[in-house]
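Values reported hereafter were calculated over all heavy atoms of this structure, with side chains retained and with hydrogens, waters and symmetry mates removed. Note on naming: letters A, B, ... go to the chains in the order of the sequence lines (proteins, then strands), and numbering restarts at 1 for each one.
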Protein chains: 2
Amino acid sequence: MDAKDTRKARAGRKANDVKADLIAVVVAVTDGHPCVLTIGQANALPSDPFEFDHRSLQSGLRAWVEQQTGQPLGYIEQLYTFADRDRIGAENPQRVISISYLALTRQEYARDSAKPCWGSWYDYFPWEDHRSGTPPVVLDVLRPRLIEWAQGAPEVEARRERQRRAAVAFGFDDLGWNEELVLQRYELLYEAALIEEAARGGQHAGALAPMPGRSMVADHRRILATGIARLRSKIKYRPVVFELMAPVFTLLQLQRTVEALAGRLVNKPNFRRLIEQQELVEETGETTTETGGRPAKLYRFRHAILDETVIAGTKLPLARS
Amino acid sequence: MDAKDTRKARAGRKANDVKADLIAVVVAVTDGHPCVLTIGQANALPSDPFEFDHRSLQSGLRAWVEQQTGQPLGYIEQLYTFADRDRIGAENPQRVISISYLALTRQEYARDSAKPCWGSWYDYFPWEDHRSGTPPVVLDVLRPRLIEWAQGAPEVEARRERQRRAAVAFGFDDLGWNEELVLQRYELLYEAALIEEAARGGQHAGALAPMPGRSMVADHRRILATGIARLRSKIKYRPVVFELMAPVFTLLQLQRTVEALAGRLVNKPNFRRLIEQQELVEETGETTTETGGRPAKLYRFRHAILDETVIAGTKLPLARS
DNA sequence: CCCCTTATAACCAGATTGACTATAATTGGA
DNA sequence: TCCAATTATAGTCAATCTGGTTATAAGGGG
């Protein structure tokens with residue numbers, strides 16, 4: 001396991017070479033719709049083979065997505081690196097590593113209008129939008145099928161286990177909805193074969209009941225789920241929402257964007273208090289009447305805040321001060 | 001950018017094949033010392049070329065580290081995938097992708113005692129241990145050198161900017177120490193050429209003053225910094241500390257482990273309250289007198305908690321209930 | 001038997017949070 | 001013009017959480 005040893009060993013076996021792909025989850029929010037950039041028939045995330053001349057992963061992705069969308073990317077973050085391609089047909093003899101990224105931008109139509117398009121991510125995950133209460137698909141479709149799946153386990157213990165997992169993931173039995181469990185929910189549905197992608201292996205090749213949500217190529221929907229989960233978590237402790245906003249905005253517009261991402265409604269007065277006390281925004285002095293009733297103050301993001309207090313803080317009960 | 005297109009295109013250019021390495025940050029805590037598993041002259045993290053027959057990255061790493069350390073790994077999490085190897089001499093014509101992982105275990109001597117060894121991570125980052133107050137190296141060595149570095153900027157604006165960055169990262173000017181900024185501090189020191197790794201490029205090849213902290217091969221120290229930062233953040237919202245504890249432990253032992261990781265002291269009564277109200281532990285009924293004074297109750301981790309309330313919760317001010 | 005050390009319990013004030021109520025300023029229509 | 005509807009913004013209040021301190025219990029060693 002010495003560095004020299006491994007280097008020497010590698011030279012002999014070309015078989016261990018791999019392909020590397022970059023896959024991007026590019027997100028924008030337009031009037032209440034959290035949108036994701038897709039290609040093809042809106043069933044694939046944009047991806048690009050990793051080129052040798054990329055100076056780094058991050059910069060390579062940035063340049064490429066900016067060229068694709070004609071829009072500067074505000075924020076990029078690495079999501080996850082996938083290599084277990086068990087779920088895809090193993091027709092490809094060479095191993096592929098997918099390095100996935102989350103990128104935030106504002107929606108703009110791409111130059112090459114032929115290919116890329118924006119679509120609400122709730123088209124792919126209709127069970128994730130709880131802004132108007134629990135969506136019907138959860139109670140009418142998923143719940144009965146998940147109960148059925150749980151009953152299908154051979155042993156009593158396994159049945160209980162499945163039921164508990166479903167209840168936690170979807171908030172059954174008054175456990176409450178947790179909007180961050182996007183990936184857990186997707187994987188649970190996959191395991192229960194309630195997701196179209198799960199049927200591709202050929203095991204469940206028969207004619208099945210229609211499955212909820214628009215499917216995607218390969219494991220792209222899983223990657224999208226990872227991105228949504230990450231973003232829903234991140235907006236709570238980092239001011240990344242502003243990357244999705246226009247330069248000036250009203251507090252309600254900001255709130256609507258957060259709600260679109262979280263898939264839940266938030267309490268208006270408390271949301272305002274939260275934003276103001278964190279000093280994340282400053283008034284522009286202008287107001288807008290385009291919102292309907294009383295004119296709303298316009299705000300802009302205080303970019304200085306990024307330098308000042310880099311991180312929210314602690315949850316450890318530190319000693320002395 | 002269609003899936004078929006890229007597949008077709010790839011077939012023609014073998015040049016874009018890459019090597020993939022797995023690199024592991026394996027952590028254990030032994031009586032107050034946060035230890036990391038190293039190889040060589042304790043200057044490299046264990047790494048392994050990614051094999052074709054690994055079923056997945058995670059399982060491959062788990063099997064390999066368990067074989068290396070003779071110890072079951074409790075927890076594994078992907079850290080980051082690095083591909084920008086600018087910092088290393090570009091002698092290698094082929095691109096290498098490093099997929100790094102964080103793994104938690106309890107310390108045990110490896111079977112093959114020749115190679116792997118455990119060392120305190122504060123040997124590599126002496127400025128990160130604030131349990132006995134701000135360490136001397138920060139005030140006596142780093143601060144003057146960082147000020148010097150800041151003054152070395154050509155323009156006034158750049159000087160201010162450097163000073164501010166140093167102050168935020170190290171808590172100068174009463175900004176307060178933030179233990180999570182491990183990576184930012186390392187990269188700042190690297191940029192200021194106060195890190196041995198930064199001098200390897202040959203730019204600063206002259207005889208230099210000794211630099212703080214034990215250095216590592218390639219960018220391994222940067223990866224270790226990433227792992228420490230991730231762990232320091234994670235212990236605050238996920239019960240991962242218990243992966244580092246013996247099956248039964250006293251609350252003070254648990255506290256000392258957290259303190260070792262965070263590099264800071266915590267308030268004892270408040271720490272106890274935090275642990276108890278989260279119902280993370282249960283009493284075994286036993287006590288131990290090995291701790292010195294009054295016998296301490298022994299506790300064990302409630303594994304059931306992992307199923308029950310998967311995630312701490314929200315910071316969004318949600319509406320209604 | 002006293003002192004020292006560690007463990008455990010109880011307490012209190014200030015800050016934060018969740019939920020609700022009241023008032024202000026527009027637009028659009030009667 | 002004036003009223004109703006709509007949206008914005010300010011304020012209140014109790015419950016909870018947090019940081020910190022103090023007091024008491026239970027062992028070991030001189």
Looking across every strand, which nucleic acid part, if any, lies under 4.0 Å from B:L252 by heavy atom: base, sugar-phosphate, or nothing?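 Sugar-phosphate: the residue B:L252, judged by heavy atoms under 4.0 Å, touches backbone atoms but no base.
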
Which part of the nucleic acid does B:K297 contact within heavy-atom distance under 4.0 Å: base, sugar-phosphate only, or nothing?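 Sugar-phosphate contact only.
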
Verify side-chain contact (heavy atoms from CB on, under 4.5 Å) between A:Y299 and A:L280, making sure each step is shown before the conclusion. CA-CA 10 Å; A:Y299 292 83; A:L280 295 174; over 6 Å; no

Give the rounded distance in Å between these two atoms: [atom1] of [X] and [atom2] of [N].
X      : N      : atom1 : atom2 : answer
A:I275 : D:dT9  : CD1   : C1'   : 15 Å
A:L265 : C:dG18 : CG    : C1'   : 16 Å
A:N267 : C:dT21 : CG    : C1'   : 12 Å
A:K268 : D:dT9  : NZ    : P     : 8 Å
B:R264 : D:dG19 : CZ    : C1'   : 14 Å
A:Q255 : D:dT7  : CD    : P     : 12 Å
A:F271 : C:dT17 : CZ    : P     : 14 Å
B:E283 : C:dA7  : CD    : C1'   : 12 Å

side-chain contact (heavy atoms from CB on, under 4.5 Å) between A:F249 and A:R256, worked out: CA-CA 11 Å; A:F249 48 84; A:R256 293 290 177 238; over 6 Å; no

Angle class for the A:F172/A:F170 ring planes (parallel below 30°, perpendicular above 60°, tilted otherwise)?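 Parallel, since the angle between the ring planes stays under 30°.
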
So which one's nearest nucleotide on DNA chain C is more toward 5', A:L274 or B:L251?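 Of the two residues, B:L251 wins.
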
5'-most contact on DNA chain C: B:L298 or B:P317, nearest heavy atom basis?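 Here B:L298 is the residue nearer the 5' end.
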
For C:dT16, does either OP1 or OP2 sit under 4.0 Å from a side-chain N or O belonging to A:Q277?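 Negative; the distance criterion is not met.
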
Any chance you could measure B:T250, atom OG1, to B:L298, atom CG, to the nearest 0.5 Å?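 B:T250 atom OG1 to B:L298 atom CG measures 7.0 Å (nearest 0.5 Å).
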
In Å, rounded to the nearest 0.5 Å, how long is the span from OG1 of A:T38 to OH of A:Y124?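 Here the rounded value is 4.0 Å.
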
For the pair A:E128 and A:R232, find out whether any cationic side-chain nitrogen is under 4.0 Å from an anionic carboxylate oxygen.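 Salt bridge flag = yes for A:R232 with A:E128.
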
In plain terms, say whether A:E283 and A:K297 are close enough for a salt bridge, that is, a side-chain N and a carboxylate O under 4.0 Å apart.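 A salt bridge is present here (some side-chain N lies under 4.0 Å from a carboxylate O).
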
Between D:dT7, C:dT8, D:dT21, which nucleotide gets closest to the side-chain atoms of B:R272?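 Taking heavy atoms from C-beta onward, the closest nucleotide is C:dT8.
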
Please write out each protein N/O paired with an N/O of nucleotides 11-16 of chain D under 3.5 Å, distance rounded to 0.1 Å.
none

Any cation-pi pair here, B:R185 with B:W177, using under 6.0 Å and within 45°?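 Output yes; distance and angle both within limits.
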
Scoring nucleotides 24-30 of chain C by protein non-hydrogen atoms under 4.0 Å (B base, S sugar-phosphate only, - none) yields BBBS---

